[in-house]
Amino acid sequence: MWIPISAEPISCFPHFDVAAESEDWIVVSKGAPLIVHPSNGKREPNLLEGVEELLRYELVNGAALSLVNRLDRETSGLTLIAKNRSAARQLGRAMQRRLMHKEYLAIVRGWPEWKETVCTAPILRQGEVGESRIWVKQTVHPAGKECITAFRVERTLESASGPLALVRCIPETGRMHQIRVHLEHLGHSIAGDKIYGPSEDCYLEYIQHGWNRELEKQLILHRHALHACRLEFPFDEETFTAESPLPEDMARLLAL
């Protein structure tokens with residue numbers, strides 16, 4: 001049974017900060033739930049249009065923006081954008097060759113028994129191997145594609161909503177929802193995750209009726225607590241690094 005998604009765009013504030021920039025590329029840190037580019041024909045604020053506005057002078061003088069990496073709507077943090085076709089090709093090749101180093105911070109439910117671990121469980125779209133009410137939902141399955149994510153516990157705390165842990169996530173591959181699926185597979189879903197959290201009914205309720213008090217009780221946070229905090233990438237025989245501090249909503253959750 002497929003649940004129709006509301007035609008109304010999701011309300012958000014189109015906020016982003018510039019983390020690093022050169023003549024050929026720009027790294028920006030986006031908030032959530034800001035989408036990175038237009039999709040599904042919906043007219044709503046998006047990151048790419050915001051960066052186009054910021055770089056209007058360069059675009060008038062021949063720049064051509066191209067997203068190098070993409071983040072989910074509800075994932076905050078660093079996105080790399082090429083300013084011209086030559087940079088897009090070079091950065092795209094680096095991405096394909098796994099030469100980019102990405103790190104994320106996630107707030108998960110429960111206290112992991114491990115301090116560090118690596119998950120290599122393959123994943124694919126759940127609808128390919130079984131029933132699913134959510135088209136984009138992924139699942140661990142032997143027939144899935146190779147996936148590798150390293151995890152390290154940064155700190156643990158006891159909150160009003162139960163035990164939580166701040167986990168650093170370092171993906172070696174870049175599959176859809178990889179970090180979220182691997183953490184759920186390890187028994188520690190991300191706080192606020194509507195698809196891989198307590199129940200996929202949370203996602204269906206949200207897309208049909210929006211955020212409400214009942215969802216807040218189940219999910220703790222209005223979006224999944226995942227933030228792209230560090231990005232290292234090669235360009236013109238140099239290595240560049242951009243970092244983004246933990247956003248206010250995640251920092252506030254850790255302070256509870």
Side-chain angles (χ1 to χ4, degrees), residues 12 14-40 42 44-106 123 136 138 145-150 168-182 223-224 226-247:
C12 70
H15 173 74
F16 65 89
D17 297 308
V18 176
E21 185 176 9
S22 77
E23 293 182 354
D24 296 293
W25 48 261
I26 183 171
V27 182
V28 297
S29 181
K30 81 173 188 72
L34 181 63
I35 199 166
V36 294
H37 58 79
S39 66
N40 300 323
K42 295 181 181 180
E44 61 179 305
N46 63 82
L47 177 65
L48 187 57
E49 287 183 354
V51 176
E52 287 173 345
E53 183 66 24
L54 176 68
L55 302 179
R56 181 182 295 181
Y57 176 81
E58 293 179 57
L59 288 169
V60 170
N61 287 277
L65 304 186
S66 178
L67 289 160
V68 179
N69 71 306
R70 294 170 171 79
L71 299 178
D72 293 338
R73 177 193 290 276
E74 293 195 0
T75 301
S76 56
L78 299 170
T79 299
L80 175 60
I81 301 173
K83 292 185 179 180
N84 53 65
R85 292 180 177 84
S86 176
R89 286 193 295 270
Q90 185 178 161
L91 293 169
R93 286 195 296 268
M95 178 74 78
Q96 291 175 348
R97 296 170 182 171
R98 299 182 183 177
L99 299 178
M100 292 192 179
H101 178 81
K102 295 177 284 185
E103 295 185 12
Y104 296 74
L105 287 171
I123 65 175
V136 296
Q138 310 293 304
K145 294 181 179 179
E146 174 195 27
C147 278
I148 305 172
T149 317
R168 187 170 297 271
C169 318
I170 305 174
E172 184 177 319
T173 52
R175 310 301 181 194
M176 177 182 282
H177 300 175
Q178 175 177 320
I179 293 173
R180 298 162 63 191
V181 175
H182 273 177
R223 56 99 172 188
H224 55 247
L226 183 63
H227 179 69
C229 63
R230 183 179 176 87
L231 177 64
E232 295 179 11
F233 58 95
F235 190 81
D236 283 350
E237 300 182 353
E238 292 187 61
T239 298
F240 296 89
T241 302
E243 295 186 333
S244 176
L246 207 63

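Just so it is clear, the model here is predicted, and its values are computed rather than measured. Throughout, residue positions are numbered sequentially from 1 according to the sequence presented. Only heavy atoms go into these numbers, but all of them, side chains included; no hydrogens, no water, no symmetry mates.
Using a distance-only test at 3.5 Å, with no hydrogens or angles considered, a donor-acceptor pair links the side chain of T173 to the main chain of I148. Under the 3.5 Å distance criterion, the side-chain polar atoms of R230 are left unmatched by any main-chain donor or acceptor of T241. Of the possible polar contacts, none joining the H37 side chain to the R70 backbone as a donor-acceptor pair under 3.5 Å is found. For N69 (side chain) and L80 (main-chain N/O), a donor-acceptor pair under 3.5 Å exists by modelled atom type. Remark: side-chain polar atoms of K30 are paired, donor with acceptor, to backbone N or O of R73 under 3.5 angstrom. Under the 3.5 Å distance criterion, the side-chain polar atoms of H224 are left unmatched by any main-chain donor or acceptor of A106. The main-chain N or O of S22 is found under 3.5 Å from a side-chain atom of K83 such that the two form a donor-acceptor pair. Here the side chain of D72 pairs no donor or acceptor atom with the backbone of T75 at under 3.5 angstrom.
Taking 4.5 Å as the limit, every side-chain heavy atom of H177 sits out of range of all side-chain heavy atoms of I123. Using a 4.5 Å heavy-atom threshold, the side chains of E58 and L65 count as separate. In this structure the side chain of D24 never reaches within 4.5 angstrom of the side chain of S86, judged on heavy atoms. R223 has its side chain out of reach of P33: every pair of non-hydrogen atoms, C-beta onward, lies at least 4.5 Å apart. Residues I170 and H101 are in side-chain contact: their nearest non-hydrogen atoms beyond the backbone lie under 4.5 Å apart. The shortest distance between side-chain heavy atoms of Y104 and L71 falls below 4.5 Å.
Closest approach of A242 and L78 over heavy atoms only: O-CD1, 3.3 Å. In this structure, K145 and R175 approach most closely via the heavy-atom pair CB-NE, 3.6 Å. Across V68 and A82, no two heavy atoms sit closer than the pair CG2-N, 3.8 Å.
Annotation: side chain to side chain donor-acceptor pair (under 3.5 Å) contacts of D236 (sequence neighbours excluded): Q90. Checked against side chain to side chain donor-acceptor pair (under 3.5 Å), H182 has the following partners two or more places apart in sequence or in another chain: T149. Partners of R168 according to the salt bridge (charged side-chain N to carboxylate O under 4.0 Å, His left out) rule, which considers only residues two or more places apart in sequence or in another chain, are E103, E154. Residues passing the ring-ring contact (aromatic ring centres under 6.0 Å, His included) test with F233, sequence neighbours excluded: W25, F240. When the side chain to side chain donor-acceptor pair (under 3.5 Å) test is applied to S66, no partner is found at least two apart in sequence or on another chain. With sequence neighbours left out, R85 forms a side chain to side chain donor-acceptor pair (under 3.5 Å) with no residue at all.
Within the model, atoms OG of S29 and NE2 of H227 stand 5.0 Å from one another, a figure rounded to the nearest 0.5 Å. For the atom pair CG (L34) and CD (E74), the distance works out to 12.0 Å, reported to the nearest 0.5 Å. Note that CG of N61 and CZ of R56 are 13.0 Å apart. Values are rounded to the nearest 0.5 Å. Residue I179 holds its CD1 atom at 10.0 Å from CG of L105, rounded to the nearest 0.5 Å. Interatomic distance, H15 NE2 to L47 CG, rounded to the nearest 0.5 Å: 11.0 Å. Summarising the geometry, atom OG1 belonging to T79 is positioned 10.5 Å from atom CZ belonging to F16; distances are rounded to the nearest 0.5 Å.
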>> Please evaluate residues E21 and L55 with respect to the criterion side-chain contact (heavy atoms from CB on, under 4.5 Å), reporting the C-alpha separation (whole Å), side-chain torsions for both, the decisive distance (0.1 Å), and the verdict.
In response: CA-CA 11 Å; E21 185 176 9; L55 302 179; 3.7 Å; yes

